[in-house]
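Working notes for the structure below.
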Amino acid sequence: MSTIFRDYSHGDALRSDRSASDRQRHRKKIRSSLQENIADVIAEESIIGQNREKVIKVPIRGIKEYRFVYGDNSGGAAQGDGESQPGQVVGQDGQPGDQPGPAGDQPGVDFYETDITLSELIDIMFEDLELPELERKNLKDITTDSASRRRGYRSVGVKVHLDKRRSVRQKVRRKVALQRIAEGQESLANIDDDSFPFRKEDLRYRRRVPTERPSSNAAIVCIMDTSGSMDSMKKYLARSFFFMLYQFVRTKYENVEIAFIAHHTQGKEVTEEEFFHKGESGGTMISSGYKKALEVIHDRYHPEMWNVYAFHCSDGDNLSFDNPIAVQAAEELCDLCNLFGYGEIKPASSYYPGSTMLDVFDEIARDNFKALSMKSKEDIWPVFREFMSSEKSIETH
Amino acid sequence: MPANYSIEDLKYWEDQIQEKVDYFGLNCFPQEYEICDHNDMLGYMAYSGMPAHYPHWSYGKSFEKLKTMYDYGVSGLPYEMVINSNPCLAYLMRDNTLCLQVMTMAHVMGHNDFFANNFTFSHTHPELTLEKFKAQAVRVRNYIEDPSIGLERVENFLDSAHALMFNCNRNFAIKKRGEADARAQLSRELSGRTDLSDEEINKRLNRTPIEPDEDILLFIRDNQPLLAEWQRDLLTIVHYSASYFVPQIETKIINEGWASFWHRTIMNAMEVPNDIMLEFFAHHNRVVAPHPGSLNPYYLGVAIWDNILFQEMGIDPASEKEYITPSLEALETLYSIRESERDTSFIRRFLSEDLMRSMDIFEYEQKGDKQVIKHVSDEQHWQDVKDMLIKNIGVNSMPVIRIMDGDYEGHRTLYLEHEFEGRELRLEEAEKTLEHLQSLWCHEVMLETMLERKPVCLAHDGEKFEIKKLGTKQSTPKKKETAET
């Protein structure tokens, strides 16, 4: 009976990643579990207005392995430092390492949370949406009118770019130089203009570089009713929606700009900060916001260069004489935008059946227009889905 | 190789260790060592040390967890891992220094001897362990590859089986008696009862299980007619796994204490160069250091073993001698203890009041979000503290749940009872575990337990989970029973 030693061999180590497939299954489970909970996670306040590198703690359901276990209040026994007294506090929940009790073999005590960055989360959320590429403007349209700019000169090029002036100057330079060298030497003394031809190295061409322009541009125009009737809950819902829209568009386009237009009876462009935090008071004229949006789009986001997404959040209280004007402005917006949406935020508690814009907007029969209603934060996701699905259907045309 | 030793060195020291093992009379299985790197070790840890094991995502999860903790330095890796098998298999970390390898090999001898002789392991058939795990792995892989079954179904079924795997018979020394015996005894007991009608007695005699059953997976395997053959096999496999590992959970303190006792004894008995010996003391002290705020099983175990040795050799433990070479006569007693005890009985019998006081073991309770010391090991309370300690070690920290009736009220409902001894179940886990149980049983499952100090019945019928107050719950079946009679 002699003891056997099996020495370490490098080859074995390379072969033996035995847990690889189980790890892969585990990761798949994490991802699908996240997908199931994505609506809850998205509706959580904490992700709005955060940068994409922010790490979010997401509780994972279904990955935890459940067993019958005792609750937390059962107490235990542990060892002290020699000076323990009754009544002394020896630990506090949420402080790992300080948890007394021999925990080594207790199965099932397994809190499971996973860290995920916002951008991963958003990827998962869009994967879940199963939306096709949003590049409706194909790249050709943008590049045909592409301009190039002159940037310096170079000694090779095509004839059309020949810079005569610089080429002559170059030749004169060479001639002067040669004449200086020749001053002492008889044979080369009389160089005249006629017998001094251009040489290849004299020629100068204009260098043209194509303008650096992102291959795809998108602009998001967020329009929100900031009149007195928009309370913080309504604003919160609007904000969640805009956030998702922004994040979504960002995944699809290289260059995304965003404009915030707040309106009550007058529309004006504001910063993001002001957009969400500043309360205004007064009545509501939706058309004012649309008009401002049209102005902004014409000024900065011409649809030939930009994919424009516009969305308007309001609680539907509009001065009735403004309705026809608003409808007309909305149609104009539809002409300019890839997608234009109207989201009516009406928490169930404050529902007045009389004042809704949904009926008014019914008469707009455009494929790229959607009027939707949101009642609570659980609605954000389905509404967003529906809004985006109209983009999908346009694309299949 | 960065290590400061060669295989020849290890063989030399192994011979030296073996000599001492023979001298002291340890009774070991043949030993096999495998030198591995940290990745192998993480892999072995994730699969409970088995060279072959059936696949399941949970092992991937545990690998990732271990690796993260290791990469971030939260926890190191063990110097070794020992498998209860014959020949005994142990993994040594390649990066250990020579001193650590020698100490570890001596430590492994302690575990090896413990596995080979302790009664708790007597049913585990160590000579078949590796083959058995391997054969099971092959079977599970075959089910996964079988197009009529597939990964998804195997995995989901294993999820449910894993949830209940430790709800099994814990004390393997107690043999389950046959159904006929149990029925005969119950019939004897019931025949003397005049308060029960014949019908009621008959009902009880025909109940399945005839007496409360702790082996939930096996009960389902034998009594759930809708299961396919592969599902029954998976239940058998998971149950085997639990019954193989429960003895290790039950003997953590006594076994680690024993192995630490022996690595120290063997190291001291051998002729070891000074530099190695000095390094050894440092490692040893770290391994058996007290962990205030928790309880280091190595420390507790070796302290109790030392105490027993001191008593056997007639030495006052308070004299605090650095180290004593055990006499062979004294070891006889220690050997018989290592054969017959497991953590619960070991602590109950040999953890003395003095020892508890010198280790400053206390009992704590939860107050709000804080843990507050309730008792210290003083004259009035050391027994309470000890009881609390015993309640929290090994399988005692898992609730006992028994199947009472496999056809409750004639609806094939599975009725279980939680043996309540003061500790309540955590509701969230109970709910999910019942859901798993329901998916195995395919009919409603009910669990009688306590919730916020009130008796309740947790039920899952496959669609929803319900908490029923037991006041009404209990009275219903009783009313029905009386109505029938």
Side-chain angles (χ1 to χ4, degrees), chain A residues 1-8 12-13 16-30 63-94 97-108 112, chain B residues 7 10-11 14 30-37 40 43 46 55-61 63-64 94 162-163 166-167 249 252 290 292-295 297 359-366 369-376 385 388-389 392-394 397 399 401 423-426 429-430 432-433:
Chain A
M1 173 186 107
S2 81
T3 302
I4 295 170
F5 281 92
R6 276 192 294 276
D7 198 0
Y8 178 79
D12 283 349
S16 66
D17 189 9
R18 61 188 305 209
S19 60
S21 69
D22 283 340
R23 293 205 305 272
Q24 207 181 1
R25 290 295 302 163
H26 176 230
R27 288 211 191 109
K28 261 196 196 143
K29 275 191 125 52
I30 291 187
I63 308 289
K64 207 168 147 178
E65 297 164 83
Y66 292 99
R67 282 184 185 140
F68 288 118
V69 291
Y70 288 124
D72 302 318
N73 298 322
S74 47
Q79 185 179 16
D81 51 10
E83 319 245 304
S84 301
Q85 292 298 325
Q88 192 181 328
V89 176
V90 287
Q92 201 166 351
D93 288 351
D98 224 18
Q99 298 265 337
D105 291 303
Q106 296 179 21
Y112 211 80
Chain B
I7 287 288
L10 296 186
K11 284 183 178 154
E14 165 63 19
Q31 181 66 46
E32 286 182 24
Y33 291 108
E34 185 178 318
I35 317 291
C36 70
D37 66 9
D40 299 337
H56 185 254
W57 61 267
S58 60
Y59 305 114
K61 168 183 160 185
F63 182 91
E64 302 249 32
R94 180 171 71 124
H162 283 179
F166 287 110
N167 291 105
I249 299 173
K252 177 88 181 160
S294 84
L295 208 50
M359 286 194 271
D360 188 24
I361 295 177
F362 60 78
E363 175 184 349
Y364 64 86
E365 61 187 341
Q366 190 81 20
D369 62 349
K370 290 186 172 71
Q371 283 103 39
V372 180
I373 295 180
K374 189 177 172 193
H375 298 307
V376 294
V385 178
M388 185 46 112
L389 174 63
N392 278 291
I393 52 174
S397 63
I401 285 162
R423 289 180 285 182
E424 292 182 1
L425 300 180
R426 201 182 301 157
E429 269 83 354
K432 301 285 179 186
T433 314

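Order of the sequence lines fixes the chain letters, A, B, ..., with proteins taken first and strands second; residue numbering starts at 1 for each chain.
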Requested in this report: Count the heavy-atom pairs under 4.5 Å between each of B:Met359, B:Glu363, B:His375 and chain A, then report the option with the highest count.
Outcome: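 Of the options given, most contacts go to B:Met359.
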
Query raised in the report: Can you tell which of B:Glu64, B:His162, B:Lys374 has the highest number of heavy-atom pairs within less than 4.5 Å of chain A?
Result: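 The option with the most such pairs is B:Glu64.
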
Requested in this report: Output yes when a side-chain donor or acceptor of B:Asp360 lies under 3.5 Å from a complementary backbone atom of A:Gly82, and no otherwise.
Outcome: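 Confirmed, B:Asp360 side chain pairs with A:Gly82 backbone.
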
Query raised in the report: Between B:Glu365 and B:Gln371, does any side-chain donor sit less than 3.5 Å from a side-chain acceptor?
Result: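 Distance-only check fails for B:Glu365 and B:Gln371.
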
[X], part contacting chain A, at a heavy-atom distance under 4.5 Å:
{"X": "B:Leu10", "answer": "both"}
{"X": "B:Glu14", "answer": "side chain"}
{"X": "B:Ile7", "answer": "side chain"}
{"X": "B:Ala163", "answer": "both"}

**Report entry** Point-to-point distance, once rounded to the nearest 0.5 Å, from CD of B:Glu34 to OH of A:Tyr8
**Finding:**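 Between atom CD of B:Glu34 and atom OH of A:Tyr8 there are 10.5 Å.
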
Query raised in the report: Out of curiosity, B:Lys370 NZ to B:Tyr364 OH, how far, rounded to the nearest 0.5 Å?
Result: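 Output value for this atom pair is 16.0 Å.
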
Query raised in the report: Between A:Gln88 and A:Ser84, what is the shortest heavy-atom contact and its length?
Result: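 Shortest heavy-atom contact: OE1-CA, 3.3 Å.
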
Query - Region of A:Gln24 in contact with chain B, defined by heavy-atom distances below 4.5 Å - result: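 Neither part, no heavy atoms under 4.5 Å.
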
Requested in this report: Please list, chain by chain and in numerical order, all residues satisfying ring-ring contact (aromatic ring centres under 6.0 Å, His included) with B:Tyr33, sequence neighbours excluded.
Outcome: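 For B:Tyr33 the ring-ring contact (aromatic ring centres under 6.0 Å, His included) partners, ignoring immediate neighbours, are A:Phe5.
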
